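Computed from heavy atoms alone, side chains included, the values below leave out hydrogens, waters and symmetry copies. Given the structure is predicted, the values throughout are model-derived calculations rather than measurements.
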Amino acid sequence: MRYISFVLLLVLFWIALSGHFEPLLLALGAVSVLLTAFLSHRMNIIDHESYPLHLSLKFPIYYSYLFGEIIKANIDVIKRILSWEKTPISPQMIEIPRSQLTDLGAVIYANSITLTPGTVTIKLSEDSLTVHALSKEVADDLATGTMSKEITKRVFKE
Amino acid sequence: MIIDILSSILLLVGAALGIVGGIGIHRFPDFYTRLHAIGITDTLSALMILLGLALQAGWSIAAFKLAMIFVFLFFTSPTASHALAYAAQHSGLKPKLDQK
Amino acid sequence: MYIAASLAILVTMGLALARALSGPTTYDRIAAVNMHGTKTVLLIAVFAFLSGRTDVLDIALVYALINFIGVVAALKLVEHGNFHTSDNYDGDVKEGEPK
Amino acid sequence: MFDVVVDIVLLTFLATTSVAIMRMTNLFAIVMLFGIFSLLSAGLFVVMDAPDVAFTEAAVGAGISTVLMLTTLALVKRSKAPYYDEAPKIHTAWLPLIVVIVTGSALIYGTWDIPNFGSADAPSQTHVARFYLENSLPDTGVPNTVTAVLASYRGFDTLGEVTVIFTAAVAVMLLIGGKRPKSAPKTEDEEAQDEA
């Protein structure tokens with residue numbers, strides 16, 4: 001199932017990038033798709049974590065939320081860059097609890113934190129995340145754990 | 001017509017955000033804070049520029065390629081930022097923190 | 001407006017280049033190189049539309065990936081290769097120290 | 001017209017980068033700047049209508065060669081000192097300067113004979129190029145003319161090149177690949193990876 005969808009994805013990708021349908025080129029494309037699939041199989045990189053097929057239906061909901069957050073965070077950072085104050089920023093290092101159970105969930109959370117400007121995940125350990133935040137407000141906001149709850153709700157809830 | 005105006009606005013705002021990020025990496029005091037400025041150019045600025053171009057391209061292979069460029073940037077930039085921050089911290093580079 | 005956008009991107013590239021040249025730490029440089037790469041991708045994308053040859057977008061696509069590979073290779077080395085080389089290096093992490 | 005502006009700006013960046021590379025002593029920073037250098041020159045190739053060259057430059061110059069140089073740095077790593085030396089001794093290298101100036105002026109003198117960029121009566125436009133542009137698609141069925149010439153019209157030549165590169169790669173791998181030195185103990189997560 002996983003492999004079938006992976007090969008289908010590769011085929012779609014190949015066709016979309018090439019846009020040619022002559023038999024010779026299609027054959028070359030098929031060879032490259034199969035080679036890629038074989039190599040990925042040998043490298044053992046198509047599994048539950050690296051190719052989360054079971055979550056794919058939930059990603060649109062998650063990304064629509066994430067884009068909202070990214071835009072908000074961008075506006076905040078832009079204001080700080082362009083502000084006339086001498087020190088518009090107050091950098092913080094905070095540790096927040098890792099509330100997701102699975103590794104995949106924790107990585108999604110850490111990734112979301114890094115993607116929103118103003119916060120960068122520095123370290124992901126067994127039970128906490130170390131985050132560098134551009135300002136105290138952002139850090140406090142993150143410490144409330146709203147984002148973590150939202151992600152758990154949107155990605156992992158049935 | 002509306003699409004043209006919209007895509008111009010997106011393009012110009014995106015490019016302007018790029019410059020803002022560029023100012024940011026010179027204005028902020030240390031490496032970790034500069035990462036946040038780079039975050040702007042990697043997310044919103046890239047998104048707006050590529051979206052503006054995609055509006056011009058319409059439904060075509062070009063639009064698909066733009067979408068792929070965005071997806072790649074979107075997946076790789078947080079990985080790069082995180083790896084960079086982790087490596088910097090691991091090697092003992094101390095962030096300048098607010099002393100308040 | 002393509003022209004205005006590409007000029008703005010060029011300015012950003014210049015700013016990133018200045019940061020890459022001035023450092024002060026190696027990490028600043030890598031970050032600036034990464035940003036410079038992203039901006040090159042965008043410049044090529046805008047330029048493809050400016051000149052009306054959208055097949056050039058393939059190159060932007062390749063860049064987006066290559067740039068990432070370059071950065072990750074650099075970081076892999078920084079992390080595993082005893083490579084604590086901020087120019088004003090003052091840490092004392094020993095080789096082989098567990099992470 | 002605007003092409004020219006972009007050309008000039010990119011060339012300025014390129015010159016700045018190369019001067020910076022020369023003045024820098026940190027090898028790692030130099031490798032990163034080489035990456036920028038490749039990206040900039042590939043950008044120039046795109047502006048000057050040579051997407052194939054830009055492709056190669058992006059993949060080889062910015063990608064593989066950066067990785068290779070970084071790997072080399074890792075292989076020759078020193079145990080303690082960071083990858084930069086003491087500040088270089090200030091002396092003026094007159095001989096290299098003269099050599100560079102002479103070579104540079106010879107090259108610039110050489111460009112006077114080259115036809116202008118994109119001029120229609122340049123030899124490269126008037127001789128065989130037209131034949132390949134018209135015939136490569138029906139002959140080989142490959143849409144990209146450069147690929148058609150490389151892999152089909154001069155396929156034997158390319159085969160020779162590939163053989164040389166392959167031999168070189170095998171030789172290098174025999175020389176430096178081999179077994180990993182046993183002195184470096186594996187970290188825990190590497191072992192975990194091995195087991196997985």
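Looking at B/Lys65 and C/Asp58, a side-chain N of the basic residue comes within less than 4.0 Å of a carboxylate O on the acidic one, giving a salt bridge.
Residues B/Thr41 and B/Ile25 form no side-chain contact, since every pair of their non-hydrogen atoms from C-beta on lies 4.5 Å or further apart. A heavy-atom distance below 4.5 Å is found between the side chains of B/Phe31 and B/Leu84. At a threshold of 4.5 Å between non-hydrogen side-chain atoms, the residues B/Ile5 and B/Ile9 count as touching.
C/Arg29 places no side-chain N or O within 3.5 Å of a backbone atom of C/Arg19 that could act as its donor or acceptor partner. Between the side chain of B/Ser45 and the backbone N or O of B/Gly14 there is at least one donor-acceptor pair closer than 3.5 Å.
Heavy atoms closer than 4.5 Å to chain C are found in both the backbone and the side chain of B/Ile19. In this structure, chain B has a heavy atom under 4.5 Å from the side chain of C/Asn34, while its backbone stays farther away. For a residue to count as touching a neighbouring chain, one of its non-hydrogen atoms must lie under 4.5 Å from one of that chain's; by this rule C/Ala18 touches chain B with backbone and side chain alike. Of the atoms belonging to B/Phe72, it is side-chain heavy atoms, and not backbone ones, that fall under 4.5 Å from chain C.
In terms of heavy-atom pairs under 4.5 Å with chain C, the best-connected choice from B/Ala62, B/Ser7, B/Ser77, B/Ala85 is B/Ala62. Among B/Leu73, B/Ile38, B/Thr79, B/Leu53, the residue making the largest number of heavy-atom pairs under 4.5 Å with chain C is B/Leu53. For the set C/Thr38, C/Leu61, C/Leu57, the count of heavy-atom pairs under 4.5 angstrom toward chain B peaks at C/Leu61. Across C/Tyr63, C/Phe49, C/Tyr2, the residue that shares the most heavy-atom pairs under 4.5 angstrom with chain B is C/Phe49.
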